[in-house]
Amino acid sequence: MAKTPDGKNTSGRGQRDLTVKVKTARGRTSSSTRWLQRQLNDPYVKRAQIEGYRGRAAFKIMELDDKFRFLVPGARVLDLGCAPGGWCQVAVPRVNALGEKQGKAIGRIVGVDLQEVEPIMGCEIHQLDFMSDDADQQVKAWLGGKADVVMSDMAASSSGHKQTDHLRIIALCEAAAYLAFDVLEVGGTFVSKVLAGGAEGELQKLLKQRFEKVANVKPPASRADSSEKFVVATGFRG
Ligand SMILES: C[S@@+](CC[C@H](N)C(=O)[O-])C[C@H]1O[C@@H](n2cnc3c(N)ncnc32)[C@H](O)[C@@H]1O
């Protein structure tokens, strides 16, 4: 029987593809009914449950890494905005953080989030507001040296105002990029969530100066109706 990332057996639950209809209920708004219906019918949500990932976001980093191959054995990874831990779960076997791939280099993963994260074997996780004063000094101390990959899925909770959400996410992405400039090894990779919407031009310009290649990608696991996309910058020039 196949194993989940936490070493449990998969049960095959949810393999019949039945569409779930959610009835409106007293006390539930129509937008939360829509959200619930979407969650219950989302194939990535089902896959995450079956395969033991903490969230559907795991499949986004899987798809990005399958394309760009940055999570390699021995890689030192900084995962910003890591809660509840899906990206970390994907990174553990790929970078060989537990040393299970005999003869391959052993990687390291440092995760940071505002929220508390249940421990994940092979990851060192810290609770921190990355936008607080001196956060980058703190993260650098935890890293204790260079990183090969800085990845950020940080997103502030939605304000309901598209432009405000966009500016907030760009601020998080810029802060992650500046830390990446400081800690990345030459040749390293920076991956970050952004929202399409106009203010990311400056960031793209900056990344193009510091990396050999900058790609903007919408992985299949990213919902088609969301303006979310990912920037993948490879070949850090130092
Ligand atoms: C979409 S979730 C990340 C999902 C994660 N990649 C996974 O696979 O489980 C975005 C995360 O960014 C975190 N976040 C937002 N602002 C942050 C900040 N200023 N510092 C640290 N984490 C932050 C949130 O707490 C949230 O857990």
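Hydrogens, waters and symmetry mates play no part in the numbers below; they use all other heavy atoms, side chains included. When a ligand or atom number is given, it counts from 1 through the structure's own listing order. Nothing here was measured: the structure is a model prediction, and the numbers come from that model.
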Exercise for the section: For the residue pair H161 and Q163, confirm or rule out a side-chain donor-acceptor distance under 3.5 Å. Expected result: no
Contact atoms of ligand 1, heavy-atom distance to [X] under 4.0 Å:
| X | result |
| --- | --- |
| M131 | 19 (N) |
| A57 | 8 (O) |
| Q115 | 24 (C), 25 (O), 26 (C), 27 (O) |
| K193 | 1 (C) |
| D153 | 1 (C), 3 (C), 4 (C), 5 (C), 6 (N), 10 (C) |
| P84 | 9 (O) |

So, is [X] polar-close to ligand 1, with some N/O to N/O distance under 3.5 Å?
| X | answer |
| --- | --- |
| G85 | yes |
| L114 | yes |
| M154 | no |
| W87 | yes |
| F130 | yes |
| G86 | yes |

Does atom [atom1] of [X] have more than 12 heavy-atom neighbours from other groups under 6.0 Å away?
| X | atom1 | result |
| --- | --- | --- |
| M121 | CE | no |
| K67 | NZ | no |
| E118 | CD | no |

Do [X] and [Y] share a hydrophobic cluster (ILVMFWY, side-chain heavy atoms under 4.5 Å, transitive)?
| X | Y | result |
| --- | --- | --- |
| L206 | L80 | yes |
| Y44 | I61 | yes |
| V72 | I109 | no |

When you measure from [atom] to every protein heavy atom, which one gives the shortest distance, and what is it?
| atom | answer |
| --- | --- |
| atom 19 (N) of ligand 1 | D129 OD1, 2.8 Å |
| atom 11 (C) of ligand 1 | D113 OD2, 3.5 Å |
| atom 4 (C) of ligand 1 | A83 O, 3.1 Å |
| atom 15 (C) of ligand 1 | A155 O, 3.2 Å |

Practice task
Pick whichever of V112, L128, V139 has a heavy atom sitting closest to atom 21 (C) of ligand 1.
Solution key: L128
Practice task
Please examine the side chains of W142 and L128, heavy atoms only from C-beta on, and report whether any two atoms are closer than 4.5 Å.
Solution key: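 Yes, side chains in contact.
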Exercise for the section: Tell me which part of C82 gets within contact of ligand 1: side chain, backbone, both or neither, using heavy atoms under 4.0 Å. Expected result: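 The answer is the backbone.
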Practice task
Could you see which bit of R54 sits under 4.0 Å from ligand 1, with heavy atoms only: side chain, backbone, both or neither?
Solution key: neither
Would you name the heavy atoms of [X] and [Y] that are closest together and state the gap between them?
| X | Y | result |
| --- | --- | --- |
| A135 | F130 | CB-O, 3.3 Å |
| A177 | L203 | CB-CD1, 4.1 Å |
| A83 | Q115 | CB-CB, 4.2 Å |

Handout entry: salt_bridge(D66, R94) N-O dist < 4.0 Å
Key = yes
